Amino acid sequence: MPGEEKVVLRLDRPTATALADLIYNVGEHQAAGMPIAELPEDDSERLGRVLHDLRRALSIPIPYGDLRGREPRRLI
């Protein structure tokens with residue numbers, strides 16, 4: 001919408017693909033009333049970094065801090 005602040009995250013292709021797959025699968029599973037399958041570990045870590053970046057960009061406190069003690073590798 002015009003005049004609204006934009007939040008921009010830069011994602012590498014594997015992370016963007018994992019995010020697109022997750023959003024699609026959540027919608028499909030929710031529509032079918034099925035449980036959501038567990039993510040592969042690498043996708044889970046990628047998406048965890050996206051969530052960390054997004055919360056930081058929105059100035060939303062990260063509930064448990066940065067458990068690994070490292071900053072995400074992407075720029076906001």
Side-chain angles (χ1 to χ4, degrees):
M1 295 187 135
E4 287 188 12
E5 180 184 358
K6 299 197 183 322
V7 175
V8 178
L9 298 176
R10 296 180 53 87
L11 306 174
D12 57 37
R13 183 168 291 277
T15 302
T17 300
L19 181 58
D21 288 347
L22 176 68
I23 292 169
Y24 177 81
N25 287 331
V26 165
E28 288 297 305
H29 282 81
Q30 199 170 41
M34 301 292 293
I36 298 169
E38 190 171 322
L39 293 172
E41 187 175 336
D42 61 330
D43 284 353
S44 181
E45 288 185 18
R46 287 177 189 282
L47 295 173
R49 289 191 302 265
V50 170
L51 182 57
H52 182 277
D53 288 354
L54 183 57
R55 291 179 71 96
R56 190 175 58 184
L58 294 170
S59 299
I60 298 171
I62 298 167
Y64 304 108
D66 188 3
L67 296 177
R68 292 187 188 96
R70 64 179 189 230
E71 282 295 307
R73 291 177 280 209
R74 289 170 319 286
L75 298 176
I76 294 178

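When reading the values below, keep in mind they use all heavy atoms of this one structure, side chains included, and skip hydrogens, waters and symmetry mates. What you are looking at is a predicted structure, and each value in this text was computed from that prediction instead of being measured.
Judged as a side chain to side chain contact (heavy atoms under 4.5 Å, CB included), and not counting sequence neighbours, the contacts of Ile23 are Leu19.
To the nearest 0.5 Å, atoms CD (Glu41) and CD (Glu45) are separated by 5.0 Å. In this structure, the separation between OG1 on Thr17 and CG on Leu11 is 9.5 Å, given to the nearest 0.5 Å. Rounding to the nearest 0.5 angstrom, the gap separating the CG atom in Leu47 from the CZ atom in Arg49 is 9.0 Å. The CG atom of Leu58 sits 8.5 Å away from the CD atom of Glu5 when rounded to the nearest 0.5 Å. Between Leu9 atom CG and His52 atom NE2 the span is 12.0 Å, to the nearest 0.5 Å.
Shown here for Val7 and Ala57, the closest heavy-atom pair between the two residues is CG1-CB, 3.7 Å.
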Tell me which donor-acceptor pairs under 3.5 Å the side chains of residues 25-34 have, and how far apart each pair is, sequence neighbours excluded?
| unit_1 | atom_1 | unit_2 | atom_2 | d |
| --- | --- | --- | --- | --- |
| Asn25 | ND2 | Asp21 | O | 3.1 |
| His29 | ND1 | Asn25 | O | 2.7 |

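Considering only heavy atoms from C-beta on, Asp43 stays 4.5 Å or farther from Leu22 through its side chain. Using a 4.5 Å cut-off on side-chain heavy atoms (C-beta onward), Arg46 and Asp12 make contact.
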